[in-house]
There are 2 protein chains.
Amino acid sequence: MKNSRTAYVILGMLSIQPNLSGYEIHKAIEDNFGSFWGESYGQIYPSLKRLVAEGLIEPGKLVSGPGRRRQGYALTDAGRASLREWLALPFQNDPPRNEFLLKLFFGGEAMPGVSLAHVRELNERNRRTLTTLEGIESMARGIQSQNKPYWMLTLGLGLALTRAALDWGESALVELAAMEAAAVGVDSLRG
Amino acid sequence: MKNSRTAYVILGMLSIQPNLSGYEIHKAIEDNFGSFWGESYGQIYPSLKRLVAEGLIEPGKLVSGPGRRRQGYALTDAGRASLREWLALPFQNDPPRNEFLLKLFFGGEAMPGVSLAHVRELNERNRRTLTTLEGIESMARGIQSQNKPYWMLTLGLGLALTRAALDWGESALVELAAMEAAAVGVDSLRG
DNA sequence: CGTGGCATGTAAACGGTTACATGATTTA
DNA sequence: TAAATCATGTAACCGTTTACATGCCACG
């Protein structure tokens, strides 16, 4: 396992909640990290296998629930040590990929209304994200854990970024609408 | 060429500045899109070849400058049409990957000082980003183009997000420092 | 003239997603 | 017990990065 950050997300999840299954880990990542991380089953299940082979986790109890019984896993001491090592390493900046910004930048080349539609769509997505994050926030209010301060900090950045994007989106909407109107006006003068 | 967004970034770049070479396209992407997009030579050169084969761009003049002569490329009508098509398509949300947030979330498991160091590092990176973006902003002030409003909008979101992250970072620093101090205090009481 | 770095190009490796396959467990 | 869904597992594919190879131009 060379670079696999999947493994560390798994170790991390198991460090805060023991005996999670692959399925539950996937769900936990989606629910809690959805706005800043993602893992597919195609990554998770093979990683679990390798982690067991390396002795960083071990199979635990079978978990019942809706559907098939799930195989839970638990962190070993070696696993916890490995997680701690990784946490102390400098975090890497993942290659930035924001297709929205790309399309907006080239908006001058697009057909009328295109950029406006993109901004509207971005705002919708951000509103959904904000709702999700606020949901997590109110969930979090109830629980108590020594990890909570870190969770709230994480949540705080997500909220701050989403709100900033939403603020920008509102004003961009106004600006773009004015531009389009002006362009139409010029067109009709010319036409 | 199925999904290659590389191709469209290239088309886009050529749409606003004709006769760019692969090298110059790479540099332009890094300089202007550095905070939200990236392309490697390993993507750019093969893409240029395919775009020529498909008639979306065509080899243009040899560009002189420092170093070896560069092969410039120009957008064809078909290329411009293809760009416009792509721009009108819904933008895709790229898989979110923020390793910083991941490590911060699991901060409770890390050794003392780790999260604080990460936040400090994040702030440094964001300050650099902010400087870069402000540099672009003052550059942009001079030029005039019908594309400028879109460029300023793009820049505006980058600035807003970076500033929001920086604001968060400042307060997170204070909070974490307080937490660490408290933890040390408790430790010494226990010890 | 030769050497250093600029510009182009390519192959292999990698992380990750997608699509598909297959048991197991409810529930109707 | 049939249908539906849940949970696990895997193989192929895809875009991208990395590392390496190579010629060309400017400059010492």
Side-chain angles (χ1 to χ4, degrees), chain A residues 1-10 13 19-31 33-34 36-53 57 59-73 86 92-99 102, chain B residues 1-10 13 19-31 33-34 36-53 57 59-73 86 92-99 102:
Chain A
M1 185 168 329
K2 307 185 55 169
N3 223 348
S4 178
R5 296 178 294 175
T6 304
Y8 293 108
V9 191
I10 292 174
M13 278 301 180
N19 214 56
L20 288 173
S21 69
Y23 185 82
E24 290 167 313
I25 289 170
H26 176 79
K27 182 165 169 36
I29 293 172
E30 191 163 297
D31 290 352
F33 299 168
F36 64 84
W37 203 263
E39 293 293 348
S40 64
Y41 289 125
Q43 289 274 94
I44 290 175
Y45 285 112
S47 292
L48 284 171
K49 221 159 210 183
R50 279 181 304 176
L51 286 169
V52 170
I57 65 176
K61 284 170 283 194
L62 284 178
V63 183
S64 290
R68 182 182 177 178
R69 268 185 177 60
R70 286 155 274 152
Q71 175 60 60
Y73 293 90
W86 177 74
Q92 87 175 60
N93 261 359
D94 290 276
R97 301 217 150 258
N98 187 330
E99 193 175 302
L102 213 48
Chain B
M1 183 165 335
K2 306 187 55 169
N3 222 348
S4 178
R5 298 181 292 178
T6 304
Y8 294 108
V9 190
I10 293 175
M13 278 300 180
N19 214 56
L20 289 173
S21 69
Y23 186 83
E24 291 167 313
I25 288 170
H26 176 80
K27 182 165 167 37
I29 292 171
E30 192 163 297
D31 290 352
F33 300 167
F36 64 85
W37 203 264
E39 293 293 347
S40 64
Y41 289 125
Q43 290 274 94
I44 290 175
Y45 285 113
S47 292
L48 283 170
K49 217 157 215 184
R50 277 181 304 176
L51 286 169
V52 170
I57 65 175
K61 285 170 282 194
L62 283 179
V63 183
S64 290
R68 180 182 176 179
R69 267 181 178 55
R70 286 155 274 154
Q71 175 60 60
Y73 294 90
W86 176 74
Q92 90 176 59
N93 260 2
D94 290 277
R97 301 216 149 258
N98 188 329
E99 194 175 300
L102 213 48

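Chain letters run A, B, ... following the sequence lines, proteins first, then strands; residues in each count from 1. These values consider heavy atoms only, across backbone and side chains, with no hydrogens, waters or symmetry-generated copies. Note that the structure is a prediction, hence the values are computed from the model and not measured.
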Pick base, sugar-phosphate or nothing for A/Gly22, based on heavy-atom distances below 4.0 Å to the nucleic acid.
sugar-phosphate
May I have the distance from A/Glu39 (atom CD) to D/dG9 (atom C1'), rounded to whole angstrom?
16 Å
Identify, between B/Leu48 and A/Gly42, the residue whose nearest nucleotide on DNA chain C lies closer to the 5' end.
B/Leu48
Check whether any side-chain N or O of B/Tyr45 sits under 4.0 Å from OP1 or OP2 of C/dT8, and answer yes or no.
yes
OP1 or OP2 of C/dG15 less than 4.0 angstrom from a side-chain nitrogen or oxygen of A/Thr6, does that happen here?
no
note: A/Ile25, atom CD1; D/dG9, atom C1'; distance rounded to Å ~ 15 Å
If I take atom NE2 in residue A/His26 and atom P in nucleotide D/dC6, what distance separates them, rounded to the nearest angstrom?
13 Å
Could you state the CD-P distance from A/Gln92 to D/dT18, rounded to the nearest angstrom?
9 Å
Can you identify which nucleotide, out of D/dT17, C/dG15, C/dT8, has its nearest atom closest to the A/Gln43 side chain?
C/dG15
Please tell me which of the listed nucleotides, C/dT17, C/dC6, D/dG15, lies nearest to the side chain of B/Tyr23?
C/dC6
Find the distance A/Arg5:CZ to C/dC14:C1' and express it as a whole number of Å.
12 Å
What integer distance in Å separates A/Glu30:CD from C/dT17:C1'?
14 Å
Candidates C/dA7, D/dT18, D/dT8 - which lies nearest the side chain of B/Ser40:
D/dT18
Just the rounded figure in Å: distance from C1' of D/dA21 to OH of B/Tyr41.
16 Å
For C/dG16, does either OP1 or OP2 sit under 4.0 Å from a side-chain N or O belonging to B/Arg97?
yes
Between B/Asp94 and A/Asn98, what is the shortest heavy-atom contact and its length?
OD2-N, 4.3 Å
Is any side-chain heavy atom of B/Leu48 closer than 4.5 Å to a side-chain heavy atom of B/Ile25?
yes
Return no unless some side-chain N or O of B/Lys49 is found under 4.0 Å from OP1 or OP2 of C/dT8.
no
Does the side chain of A/Arg50 reach to within under 4.5 Å of the side chain of A/Ser4, using non-hydrogen atoms?
yes
Between A/Arg69 and C/dA24, is there a side-chain N or O to OP1/OP2 distance below 4.0 Å?
no
Could you tell me the separation between the CD atom of A/Gln71 and the P atom of D/dA7, rounded to a whole number of Å?
13 Å
Of B/Pro95 and B/Ser21, whose closest DNA chain C nucleotide lies nearer the 5' terminus?
B/Ser21
If every non-hydrogen atom of B/Gln43 is compared with every non-hydrogen atom of B/Ser47, which pair is closest and at what distance?
O-OG, 2.7 Å
What residue among B/Arg97, B/Arg5, B/Gln92 forms side chain to side chain contact (heavy atoms under 4.5 Å, CB included) with A/Arg97?
B/Arg5
